[in-house]
Amino acid sequence: MAFWLVKSEPDAYSWQTFVRDGRSAWTGIRNAQARINLNTMRLGDGVLFYHSQVGKEVVGTATVVREAYPDPTSEDPRWLAVDLAPGAPLPRPVTLTDIKADPELAEMTLIRHTRLSVSPVTDTQYRRVLQRGGSTESG
DNA sequence: GCCAACGTTGGC
DNA sequence: GCCAACGTTGGC
């Protein structure tokens, strides 16, 4: 099982909306590296849900509930989407500042490739984020 | 095939 | 609001 982080601007699609929806097709990704990451996601993989621009913090977890398929919002069948379902909110969201200040997290792809919207996370990093967020999940 | 111009993302 | 990073586009 692998781990990932997805970004969303809360003004466009927030964690709260995601929870209310119960499931979401992760569409509109138009970046080659992000597409590779989408294509590598497997059912049941763990995902961190990050609020970019407004909040700048990891706010909850999600899981992959459908593996990559052609993004229905694109004419070009090479662009991919996955479906995600919400897991649990983090009792204490983990901010970008927290992540940068934590030596275990400062090397995250989130930090190294600021503009990548779908990025890999190591299992150590994943557990660390959950732990810092006060999650009672596996971490 | 190079590279300048431009648009977008996202942190500050 | 500004700017750095960086991907894309288009002229040559």
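Chain letters run A, B, ... following the sequence lines, proteins first, then strands; residues in each count from 1.
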Self-check item: Interatomic distance where CZ belongs to A:Arg30 and P belongs to C:dT8 [whole Å]
Solution: 12 Å
Practice problem: Look at A:Tyr50 and B:dT9 and indicate whether a side-chain polar atom (N or O) is within less than 4.0 Å of OP1 or OP2. | Solution: no
Quiz item: Does A:Thr124 have any side-chain contact (heavy atoms from CB on, under 4.5 Å) partners at least two apart in sequence or in another chain, and if so, which?
Solution: A:Glu104, A:Thr122, A:Arg127
Practice problem: Could you tell me the separation between the CD1 atom of A:Ile99 and the C1' atom of B:dG11, rounded to a whole number of Å? | Solution: 13 Å
Quiz item: Given atom CD1 of A:Ile36 and atom C1' of C:dG7, what is their separation to the nearest angstrom?
Solution: 14 Å
Quiz item: A:Ile111 CD1 to B:dC12 C1': how many Å, rounded?
Solution: 13 Å
Quiz item: Taking atom C1' of B:dT9 as reference, at what distance in whole Å does atom NE2 of A:His51 sit?
Solution: 16 Å
Practice problem: Determine to 10° how strongly the helix from B:dG1-C:dC12 to B:dC12-C:dG1 is bent, judged from the axes of its five-pair ends. | Solution: 10°
Quiz item: Linking Ile, Leu, Val, Met, Phe, Trp and Tyr by side-chain heavy atoms under 4.5 Å, what else ends up with A:Trp79?
Solution: none
Quiz item: Taking atom P of C:dT8 as reference, at what distance in whole Å does atom CD1 of A:Ile29 sit?
Solution: 14 Å
Practice problem: Please state whether the phosphate of B:dT9, meaning OP1 or OP2, lies under 4.0 angstrom from any side-chain nitrogen or oxygen of A:Lys7. | Solution: no
Quiz item: Expressed in angstrom and rounded to an integer, what is the separation of A:Gln53 atom CD from B:dT8 atom P?
Solution: 13 Å
Below 3.5 Å, can you tabulate the donor-acceptor pairs from side chains in residues 81-94 of chain A to any protein atom, sequence neighbours excluded?
{"unit_1": "A:Asp83", "atom_1": "OD1", "unit_2": "A:Tyr69", "atom_2": "OH", "d": "2.4"}
{"unit_1": "A:Asp83", "atom_1": "OD2", "unit_2": "A:Arg23", "atom_2": "NH2", "d": "3.0"}
{"unit_1": "A:Arg92", "atom_1": "NH1", "unit_2": "A:Arg132", "atom_2": "O", "d": "3.0"}
{"unit_1": "A:Arg92", "atom_1": "NH2", "unit_2": "A:Arg132", "atom_2": "O", "d": "3.1"}

Quiz item: Which pairs count as side-chain hydrogen bond (donor to acceptor under 3.5 Å, both in side chains) when at least one residue sits in residues 47-64 of chain A, sequence neighbours excluded?
Solution: A:Glu9-A:Gln53, A:Thr61-A:Glu137
Practice problem: In whole angstrom, give the distance that lies between atom CG of A:Asp98 and atom C1' of B:dG11. | Solution: 15 Å
Between protein and nucleotides 1-6 of chain C, what N or O pairs are separated by less than 3.5 Å?
{"unit_1": "C:dA5", "atom_1": "N3", "unit_2": "A:Arg115", "atom_2": "NH1", "d": "3.2"}
{"unit_1": "C:dC6", "atom_1": "O4'", "unit_2": "A:Arg115", "atom_2": "NH1", "d": "2.8"}
{"unit_1": "C:dC6", "atom_1": "O2", "unit_2": "A:Arg115", "atom_2": "NH1", "d": "2.4"}

Quiz item: In terms of hydrophobic clustering (I, L, V, M, F, W, Y; side-chain heavy atoms under 4.5 Å; direct or indirect links), are A:Trp15 and A:Val65 co-clustered?
Solution: no
Quiz item: Do A:Asp98 and A:Thr95 have side-chain atoms, one donor and one acceptor, less than 3.5 Å apart?
Solution: yes
Exercise. Hey, could you give me each pair passing side-chain hydrogen bond (donor to acceptor under 3.5 Å, both in side chains) that has a residue in residues 36-49 of chain A? Not counting sequence neighbours.
Key: A:Trp4-A:Asp45
Self-check item: B:dT9 phosphate, OP1 or OP2, under 4.0 Å from A:Lys56 side-chain N/O
Solution: no
Quiz item: salt bridge (charged side-chain N to carboxylate O under 4.0 Å, His left out) with A:Arg30: which residues, sequence neighbours excluded?
Solution: A:Asp71
Exercise. Using the test side-chain contact (heavy atoms from CB on, under 4.5 Å), find all partners of A:Arg78 that sit at least two apart in sequence or belong to another chain.
Key: A:Arg35, A:Asp76
